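For reference, the structure discussed in these notes is given below.
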Amino acid sequence: SKTIFSSIQFEKKILWRSLLRIFMAFGAILVVSMHLIQPRPKLSSSQTKAPLTPPWGMVNSPVYSVATRDLQHGGNMNIATYVSAASLARTKGARKCYSVALFKDTRTHANAKREGQILLQLLPQKHSSLIELLGKTSAREVNKIKELEKKGEKIIWLDDIPYMESSIAVCKLQIRGWLDAGDHELGLFDVLKWFVPRPDMNYSNDDILDTKYLKEEGVL
């Protein structure tokens with residue numbers, strides 16, 4: 001009987017140990033499950049990812065002004081950033097080319113299409129104050145050349161086309177052909193000549209007006 005009693009006690013111990021292990025395993029599973037189904041905290045606006053910027057919005061572009069000849073011999077200017085050199089011109093007799101995209105249905109576009117020649121002005125940072133006049137105002141509403149003179153800009157004329165003496169550099173361009181680009185029309189131009197209006201101003205690359213500078217200034 002002692003042997004039977006001992007055997008029963010031993011079996012009870014094994015049973016309790018087994019039950020304890022089962023309860024412990026069940027508890028661990030319960031804890032993990034509760035953690036998994038807990039609602040995750042919402043990310044604040046500062047933690048959410050910003051929308052991706054398209055590649056054309058990532059690059060930094062120089063800011064130019066396109067000057068044109070008009071029918072009233074008064075001239076006009078705009079702001080242009082869709083501008084790029086388009087050839088190396090390393091071979092004998094080859095011309096340097098520029099591509100310039102112009103907004104359709106503007107005075108600059110109409111003048112360039114009619115006359116075929118433009119002056120491309122590379123602007124310094126101090127001309128950021130002219131963006132509103134040259135880039136956001138229509139020549140149908142205001143005489144931009146007269147307004148520039150009121151602001152103290154000295155205007156020089158080349159073949160009946162105006163340019164600002166304070167520009168970093170000026171290129172005289174002749175059209176080769178046009179390509180439709182939706183709201184713009186892309187012109188491919190030969191560079192007839194280029195020059196620095198005021199070498200004594202000693203502009204450097206750090207003085208060039210670009211889209212990054214305009215964004216930092218809150219203009220764009």
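For clarity, every value in this text was computed on a predicted model and none was experimentally measured.
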Open item on the list: If we ignore hydrogens and angles and just use 3.5 Å, is the side chain of D70 paired with the main-chain N or O of G75 as donor and acceptor?
Closed with: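 Looks like yes, one N/O pair under 3.5 Å.
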Does some side-chain heavy atom of [Y] sit less than 4.5 Å from a side-chain heavy atom of [X]?
X    : Y    : result
L186 : V100 : no
L148 : L134 : yes
L119 : C171 : no
L71  : R114 : yes
S128 : Q125 : no
L102 : H184 : no

Using every non-hydrogen atom in the two residues, find where [X] and [Y] come nearest and quote the distance to one decimal.
X    : Y    : value
G74  : I145 : O-CG1, 3.2 Å
L188 : A86  : CD1-CB, 4.0 Å
F103 : H109 : O-CB, 3.1 Å
S167 : V170 : CB-CG2, 4.2 Å
M58  : T53  : CE-O, 2.8 Å
L214 : L209 : CD2-CD1, 3.7 Å

- [ ] Count the heavy atoms belonging to other residues, nucleotides or ligands that lie under 6.0 Å from CG of N60, then report whether that count exceeds 12.
- [x]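 Yes, enclosed.
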TODO: Verify the neighbour count for atom OH of Y203: are there more than 12 heavy atoms of other residues, nucleotides or ligands below 6.0 Å?
DONE: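 Above 12, so yes.
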Could you measure the distance from the [atom1] atom of [X] to the [atom2] atom of [Y]? Nearest 0.5 Å is fine.
X    : Y    : atom1 : atom2 : answer
M164 : I156 : CE    : CD1   : 12.0 Å
L88  : C97  : CG    : SG    : 10.5 Å
T137 : N78  : OG1   : CG    : 11.5 Å
L173 : I118 : CG    : CD1   : 4.5 Å
W157 : R69  : CH2   : CZ    : 10.5 Å
Q121 : Y163 : CD    : OH    : 9.0 Å

Task: side chain to side chain donor-acceptor pair (under 3.5 Å), paired with N76, selected from N111, T108, N143 - done: T108
Task: K144/E147 ion pair, N-O < 4.0 Å - done: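 Looking at K144 and E147, the cut-off is not met.
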- [ ] Mind jotting down which residue pairs meet the side-chain hydrogen bond (donor to acceptor under 3.5 Å, both in side chains) criterion with at least one end in residues 93-107? Sequence neighbours excluded, please.
- [x]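 Matches after skipping sequence neighbours: K104-D180.
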- [ ] Would you list the pairs meeting salt bridge (Lys or Arg N to Asp or Glu O under 4.0 Å) in which at least one residue belongs to residues 160-170, sequence neighbours left out?
- [x] K154-E165, E165-R198
Task: Ring geometry between F189 and W178 (parallel below 30°, tilted from 30 to 60°, perpendicular above 60°) - done: perpendicular
Task: T68 and E115: CA distance, side-chain angles, deciding distance, side-chain hydrogen bond (donor to acceptor under 3.5 Å, both in side chains) verdict - done: CA-CA 8 Å; T68 55; E115 300 292 330; over 6 Å; no
- [ ] Among I208, L123, V196, find the one that has a side-chain contact (heavy atoms from CB on, under 4.5 Å) with I168.
- [x]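 Only one option passes, and that is I208.
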